[in-house]
Each structure stands twice: as structure tokens, then as C-alpha cells.
J.: 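What follows is a single structure, and I will ask about it in a moment.
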Amino acid sequence: MTIGPDPSANAAMDELTADDVAEFLKEHPDFLTRRPDVIPYLIPPAGSHGDGVVDMRQYLLEKLRGELGRLSDQRRELVETTRANFLNQQRVHAAVLHLLAAQGLEELVRAVTGDLAVLLDLDAAVLVMENPDDKIAVLAPLTGPAGLVMTPPGAVNRLLGRSDVALRGDIFGAADLWGHCEFPVRSEALVRLRFGATEMGEGTEGLLAFGSMEPDMFHPGQATDLLVFLAGVVERAITLRLD
């Protein structure tokens, strides 16, 4: 039994020469492109030695600059997204406190249809109710069609389908929902509401809608947790006052 390094392995290593490496690189000119992890181990030429010599220092410098630029862009996007999320959270919290401070059903409905859009920095807010309770129905002449929309059963399903939340961008809002606005609604957020749902029935179907003149304010793929939370507060606050 031989103890120590395998002589055959050393012989194979001895047979690999600089000429072999150079020939391999000539035959595989894209080797460093496919294996950029090797580049940091290379020692670039000290300077220009004539035509055909690549300055690896410049290549590495450009590579590092590109990587730093990419990381800087990602950091900037992360900071901007975090700030926007924090600002939206603050707006929703302020809106919830405003709703909870409303005295009575009429003031609450006015707060939903008139104040929420301002507090959330949006352009319009609409409260839709199907086959409304008498207590809500008498409010329609007071709040006006601009904020409170009464509809027959089935209207909410026509707007939402089977979903409970819908975000739509780059649209022209439906006239039956946004026809009262003096501006075109180019994006919208819709959330289903259920007022007075019990074990005996589903209660009154409704809809909380927010609209914006900006086509990209709402779009599919956005997070909806704050929107759903706010809609839940509206739903429960109105149900309590109906009871």
C-alpha cells in the first residue's frame, strides 16, 4: 500500500501547462462570461501591452460599478416602498378614528362617502347598498346620489363577480358608479360589504368603492390588507348603528 500523494495525480497536474490554459481560453472565449466567479482570482495586466490585450482591471471596475448601481437602485426602491406603506397605514388609521368618532348613522354615512377620499388622498368614495334597510333608505335624499348609491339585488355581484376585492387600473369607471363625478375615474378599488349578516341570512349586500383620476393608483397585484381592514371597519360601524 502506498502512503502519501498519488504520483499519477501529480503527473496529471504537471502535464497541465500555461499553454494548455491559453489554448483552452482561445477555444472557449466566453469562459469568463459563463464563470464570472473566476475573475476575482485573476491578476490583470499592469497596463497596455499592445493590440489584443484586455485590461481586466477596467472589466472588473465596470462590473463592480454595475453591481453597486443595481444594489443602490434596489435600496432606493425598498426605502420608497417602505415610506409609501407607512404613509398609507397612517392614513388608514386616521380614517378609522374619524369613522369611530361619527355620531349616529347619518354622520357615519357622510363620513364614509365624503371624508374617506380626502383622508386617503383619493378622488372619490362611494357606498353602495342593495335593497337597503329603511334606516339607510331615508338617508339617500340627505347624502345625495354622489355618495350613497341604492341598487336592486345583484348589482354588487355584477361589479365584483365572485371576488370580494377588485383592483382595476387604466380604466374608465362605470357611469352607474362614478357618473356623479366631474372627472373621469381611471382606476378603482372595490370591496364587498355585508351589513347585518347573521346565521339566519347574509344580510344586506354592499360595496365600498374608491376612485382615482390616476390610471395606476390601483392595479391588480397590489396588497389589499389595509383596504380590506378599512372596509371591515365601515361594515361593522354601519351594522352596529343599524342595530
Side-chain angles (χ1 to χ4, degrees), residues 73-129 136 139 142-149 156 159-160 163-174 177-195 204-242:
D73 291 341
Q74 289 181 344
R75 176 181 175 277
R76 188 181 304 109
E77 291 177 3
L78 178 61
V79 170
E80 291 176 355
T81 301
T82 302
R83 286 176 177 171
N85 289 340
F86 180 68
L87 180 58
N88 288 336
Q89 188 178 59
Q90 285 185 314
R91 288 170 174 166
V92 170
H93 288 170
V96 169
L97 292 176
H98 184 70
L99 294 177
L100 294 178
Q103 299 297 318
L105 183 59
E106 178 183 343
E107 185 175 335
L108 175 61
V109 172
R110 288 183 181 277
V112 172
T113 59
D115 300 335
L116 282 189
V118 177
L119 292 170
L120 299 176
D121 195 26
L122 298 172
D123 296 309
V126 170
L127 178 63
V128 177
M129 299 194 73
I136 288 288
L139 295 178
L142 300 176
T143 58
L148 182 60
V149 178
V156 173
L159 290 168
L160 281 175
S163 303
D164 287 334
V165 183
L167 302 177
R168 301 184 180 119
D170 197 16
I171 63 167
F172 287 96
L177 193 60
W178 306 110
H180 63 279
C181 295
E182 298 178 356
F183 50 83
V185 169
R186 298 301 315 279
S187 61
E188 63 184 15
L190 312 179
V191 188
R192 187 187 302 273
L193 304 176
R194 295 181 177 88
F195 304 107
T204 300
E205 283 276 322
L207 181 77
L208 179 62
F210 294 110
S212 173
M213 293 186 290
E214 298 181 17
D216 58 350
M217 176 60 72
F218 299 109
H219 55 81
Q222 283 180 314
T224 60
D225 50 340
L226 288 176
L227 182 63
V228 171
F229 170 72
L230 180 58
V233 172
V234 171
E235 179 182 88
R236 287 162 177 77
I238 292 180
T239 298
L240 286 173
R241 285 162 176 78
L242 287 176

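Computation of the quantities below employed the complete heavy-atom set of this structure, encompassing side-chain atoms and omitting hydrogens, waters and symmetry-equivalent molecules.
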J.: Nearest 0.5 Å, what's the CZ-CD distance between Arg75 and Glu80?
T.: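 It comes to 10.5 Å.
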J.: In plain terms, say whether Glu106 and Arg110 are close enough for a salt bridge, that is, a side-chain N and a carboxylate O under 4.0 Å apart.
T.: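 Here Glu106 pairs with Arg110 in a salt bridge, since their nearest N and O are under 4.0 Å apart.
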J.: I want to check something: taking the side chain as every heavy atom from C-beta on, are Asp170 and Asp216 in contact at a cut-off of under 4.5 Å?
T.: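 A side-chain contact under 4.5 Å is absent here.
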J.: State whether Arg194 and Asp164 are salt-bridged, where the test is any N-O pair (Lys NZ or Arg NE/NH1/NH2 against Asp/Glu carboxylate O) under 4.0 Å.
T.: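 The answer is yes: the pair qualifies as a salt bridge.
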J.: Please test Val234 against Val191 for side-chain contact (heavy atoms from CB on, under 4.5 Å), starting from the C-alpha separation and ending with a verdict.
T.: CA-CA 11 Å; Val234 171; Val191 188; over 6 Å; no
J.: Whether the side chain of Arg192 engages the backbone of Glu205 through a donor-acceptor N/O pair (distance < 3.5 Å, no angle test) should be reported.
T.: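 Flag not set: sc Arg192 to bb Glu205 has no pair under 3.5 Å.
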J.: Set out, in order, the CA-CA distance, both residues' side-chain angles and the distance that settles side-chain contact (heavy atoms from CB on, under 4.5 Å) for Val185 and Leu177, then state yes or no.
T.: CA-CA 10 Å; Val185 169; Leu177 193 60; over 6 Å; no
J.: Between atom CZ of Phe218 and atom CG of Leu122, what is the distance when rounded to the nearest 0.5 Å?
T.: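 Here the rounded value is 4.5 Å.
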J.: To the nearest 0.5 Å, tell me how far Glu107 CD sits from Leu99 CG.
T.: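 The distance works out to 10.5 Å.
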J.: Under the side-chain contact (heavy atoms from CB on, under 4.5 Å) rule, what do Arg186 and Ile171 come out as? Steps first, then yes or no, please.
T.: CA-CA 5 Å; Arg186 298 301 315 279; Ile171 63 167; 5.6 Å; no
J.: Looking only at heavy atoms, which two atoms of Phe195 and Gly206 are closest? And how far apart?
T.: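 Minimum heavy-atom separation between Phe195 and Gly206: CE1-CA, 3.9 Å.
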J.: Kindly indicate whether the side chain of His93, heavy atoms from C-beta on, has any atom under 4.5 Å from the side chain of Leu97.
T.: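 The answer is no, as the side chains (C-beta and beyond) never meet within the 4.5 Å cut-off.
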J.: Search all heavy atoms of Cys181 against all heavy atoms of Ala124 and return the closest pair with its distance.
T.: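 Where Cys181 meets Ala124 most closely, the heavy atoms are SG-CB, 3.9 Å.
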J.: Using every non-hydrogen atom in the two residues, find where Trp178 and Ala125 come nearest and quote the distance to one decimal.
T.: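 Scanning both residues, the minimum pair turns out to be CZ3-N, 4.4 Å.
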J.: What pair of heavy atoms forms the shortest contact from Leu148 to Met129, and how long is it?
T.: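 Looks like CD1-CG, 4.4 Å.
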J.: So, taking the atom named NE2 in His98 and the one named CG in Leu119, what distance separates them when rounded to the nearest 0.5 Å?
T.: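 His98 NE2 to Leu119 CG: 5.5 Å, rounded to 0.5 Å.
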J.: Taking atom CG of Leu105 and atom CG of Leu240, what is their separation to the nearest 0.5 Å?
T.: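 One finds 11.0 Å between CG of Leu105 and CG of Leu240.
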J.: Taking all atoms of both residues into account, what is the closest heavy-atom pair of Leu167 and Gln222, and its distance?
T.: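 Taking Leu167 first and Gln222 second, the nearest heavy atoms are CD1-CB, 3.7 Å.
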J.: Go through it in stages, so that I can follow the logic: the residues are Leu127 and Leu193, the test is side-chain contact (heavy atoms from CB on, under 4.5 Å), and I'd like the CA-CA distance, side-chain angles, deciding distance and then a yes or no.
T.: CA-CA 9 Å; Leu127 178 63; Leu193 304 176; 3.7 Å; yes
J.: Please find the pair of heavy atoms, one from Arg91 and one from Asp121, that lie closest to each other, and give the distance.
T.: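 For Arg91 versus Asp121, the nearest heavy atoms are NH2-OD2, 3.4 Å.
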J.: Check each of Val126, Val149, Val128 against Leu207 using the side chain to side chain contact (heavy atoms under 4.5 Å, CB included) test, and report the only one that passes.
T.: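 Answer after filtering Val126, Val149, Val128: Val128.
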J.: Determine whether a donor-acceptor pair (N or O, by modelled atom type, separation under 3.5 Å) exists between the side chain of Ser212 and the backbone of Ser187.
T.: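 Pair absent, no side-chain N/O of Ser212 close to backbone of Ser187.
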J.: A side-chain contact here means heavy atoms from C-beta on lying under 4.5 Å apart; do Phe210 and Leu230 qualify?
T.: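 Answer yes - side chains close enough.
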